[in-house]
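Every number for a ligand or one of its atoms is a count from 1 in the order of the listing. These numbers come from the heavy atoms of this one structure, side chains and all, not from hydrogens, waters or symmetry mates.
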Amino acid sequence: MRETVQAFIGGAFVDAASGETFDTIDPATGEVLATVPACAAADVGAAVAAARVAFDSDRWSGAVAERERATVLHRIADGIRAAAEELAELEVRDCGKPIADARADIDEAAFMFEYYAGWATKAAGDIPPVGPDALNLVVKEPVGVCGLIVPWNYPLLMAVQKVAPALAAGCTTVLKPAEQTPLTALRLATIAAAAGLPDGALNVVTGFGPAAGGPLLTDPRVDKVSFTGSRDVGIHIMRECAAQLKRVTLELGGKSPNIVFADADMAGAIPGTCDGVFGNQGQVCSAGSRVFVDRAVYDDVLSAMATHASAIRLGSGLDPETTMGPVVSAAQYDRVRSYVDVGRAEGASVAFTGTTPDDPALAGGYFVAPTIFEATSNDLRIAREEIFGPVMTVIPFGDVDEVVRLANDTEYGLAAAIWTSDITKALRTAKAVRAGVVWINDSQPAPTEGLWGGFKHSGIGRELGPYALDAYQERKQIYIKLS
Ligand code: ADP
Ligand code: MG
């Protein structure tokens with residue numbers, strides 16, 4: 001069912017100016033799913049120009065009442081819900097995840113538009129008091145044209161996480177989906193246009209990072225770049241954007257601790273810890289991939305996790321029985337497997353490894369068996385480097401002070417999970433861990449109403465909730481003399 005798709009620029013579906021294309025792959029089979037325009041500077045320039053016109057002409061941003069923007073965002077949400085099953089299947093075919101997970105992503109993406117539709121009419125400013133002879137207004141205005149560069153692990157959700165608050169704030173956008181997973185972003189463009197979003201407010205440029213994302217960093221007509229992806233690309237983006245003092249939001253990687261205390265309710269802790277590492281094939285920036293287990297319960301927890309993990313069923317994401325799909329690409333397959341070799345070579349022992357599907361139809365798929373390593377030290381590479389695959393590293397600890405020290409002994413600081421029935425210990429540990437998101441007796445929930453973002457090398461700025469809206473707004477003071 002190979003199809004040919006087009007980029008979305010200025011309200012029209014178009015090929016790349018060069019005519020160049022690339023293929024997006026179904027990772028469950030390795031077969032070509034669609035042929036996609038390989039956009040480059042000319043196309044990105046056209047998209048930025050369209051976004052600039054949409055912003056500067058007040059087609060969307062200033063002259064359009066907030067409640068009209070809200071109405072359009074609600075209609076986009078309705079469009080996503082109406083196409084939910086089609087979007088979920090497209091997402092599965094493009095990135096490999098199990099269909100139930102894709103359905104949850106699509107549902108949350110629709111909700112994000114509803115949520116930010118609500119904020120569009122509520123972004124009030126302030127009136128700081130300045131004495132009797134003046135009135136001082138602090139108003140919020142959209143940042144401008146935003147370049148939104150997103151990854152492949154939650155293709156539609158990560159796109160909407162940026163597009164919805166940006167549009168709600170009155171910004172216009174150029175979205176660059178990951179080259180591995182461009183298809184649902186293009187469907188979003190169709191839905192948004194049908195919902196009445198003006199031409200140029202959302203453009204989608206498909207293609208590879210440097211060619212299709214790079215021009216967003218250097219084009220002076222782009223006011224802000226919001227990026228989710230790897231740390232190294234994040235550093236590059238910040239450096240490039242610095243030259244023009246572009247605003248940046250960076251959501252980068254992690255090596256998040258998952259701490260299991262001896263007094264945890266194991267009925268929740270065991271599946272929660274496993275799902276926190278193996279969910280989405282381990283391709284989660286906040287994966288709790290460093291699992292610290294209290295020595296007092298270490299052997300029992302390890303064997304319970306191995307038992308739990310042995311029930312994971314790898315297969316095509318379209319099969320409703322599947323609980324783990326393929327990783328996204330051949331490159332990711334090689335990378336994750338090489339980390340399993342690294343772990344072995346470093347002397348970590350394999351406590352569990354799963355089995356890949358034997359269905360011949362999936363022989364060309366990128367299936368990586370889930371693996372649990374026992375490590376004696378937090379200094380191993382498999383305890384320090386983000387693997388972004390279904391690989392868990394388990395490390396024993398003695399007491400709270402030791403585990404907090406180990407948890408914080410990382411360059412990253414995105415998330416942490418803490419499992420205990422002692423509320424004081426839970427909260428003391430939560431306060432001590434240097435991470436942007438802490439879960440107690442859970443792992444991975446990221447409600448749209450909440451907050452997302454990391455400390456240290458996990459990024460700069462915050463997404464979700466009102467924090468994302470804020471990131472797409474400038475503040476302006478209007479001081480009025482009254483005497
Ligand atoms: P991964 O290595 O997991 O694919 P990346 O950080 O490389 O993660 O990719 C995340 C997003 O950033 C993708 O959309 C990718 O195309 C884009 N990207 C990668 N390199 C660059 C770059 N030099 N400039 C702009 N965007 C880039
Ligand atoms: Mg693909």
A.B. asks: Calculate the angle formed at the Mg ion (ligand 2) by OD1 in D94 and OG1 in T24; 10° precision is enough.
C.D. replies: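 Value returned, to the nearest 10°, is 60°.
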A.B. asks: For ligand 1, run through the N/O pairs with the protein that fall under 3.5 Å and put one pair on each line.
C.D. replies:
unit_1: ligand 1; atom_1: 3 (O); unit_2: W152; atom_2: NE1; d: 3.2
unit_1: ligand 1; atom_1: 4 (O); unit_2: W152; atom_2: NE1; d: 3.0
unit_1: ligand 1; atom_1: 6 (O); unit_2: S230; atom_2: N; d: 2.8
unit_1: ligand 1; atom_1: 6 (O); unit_2: S230; atom_2: OG; d: 2.7
unit_1: ligand 1; atom_1: 14 (O); unit_2: V150; atom_2: O; d: 2.8
unit_1: ligand 1; atom_1: 14 (O); unit_2: K176; atom_2: NZ; d: 3.1
unit_1: ligand 1; atom_1: 16 (O); unit_2: K176; atom_2: NZ; d: 2.7
unit_1: ligand 1; atom_1: 16 (O); unit_2: E179; atom_2: OE1; d: 2.6
unit_1: ligand 1; atom_1: 16 (O); unit_2: G209; atom_2: N; d: 3.3

A.B. asks: Parallel, tilted or perpendicular, judged at 30° and 60°: which one describes the rings of Y115 and F111?
C.D. replies: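 The rings of Y115 and F111 sit tilted, inter-plane angle from 30° to 60°.
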A.B. asks: Should E474 and K224 count as an ion pair when the cut-off is N to O under 4.0 Å?
C.D. replies: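 Answer for the salt bridge query: no.
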A.B. asks: Would you say that L87 contacts I80 through its side chain, given a criterion of any heavy-atom pair below 4.5 Å between the two side chains?
C.D. replies: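 Yes; the side chains approach each other to less than 4.5 Å.
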A.B. asks: Is any side-chain heavy atom of Y339 closer than 4.5 Å to one of D334?
C.D. replies: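 A side-chain contact under 4.5 Å is absent here.
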A.B. asks: With the side chain counted from C-beta on, respond yes when P165 and W119 share a heavy-atom pair under 4.5 Å apart, and no when they do not.
C.D. replies: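 P165 does not reach W119 side chain to side chain.
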A.B. asks: Salt bridge or not for D101 and K97, using N-O below 4.0 Å?
C.D. replies: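 No, D101 and K97 are not salt-bridged.
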A.B. asks: Side-chain contact, heavy-atom cut-off 4.5 Å: V328 with Y366?
C.D. replies: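 No, side chains not in contact.
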A.B. asks: Can you tell me the angle formed at the Mg ion (ligand 2) by O of I25 and O of Q180, to 10°?
C.D. replies: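 Seen from the Mg ion (ligand 2), O and O are separated by roughly 160°.
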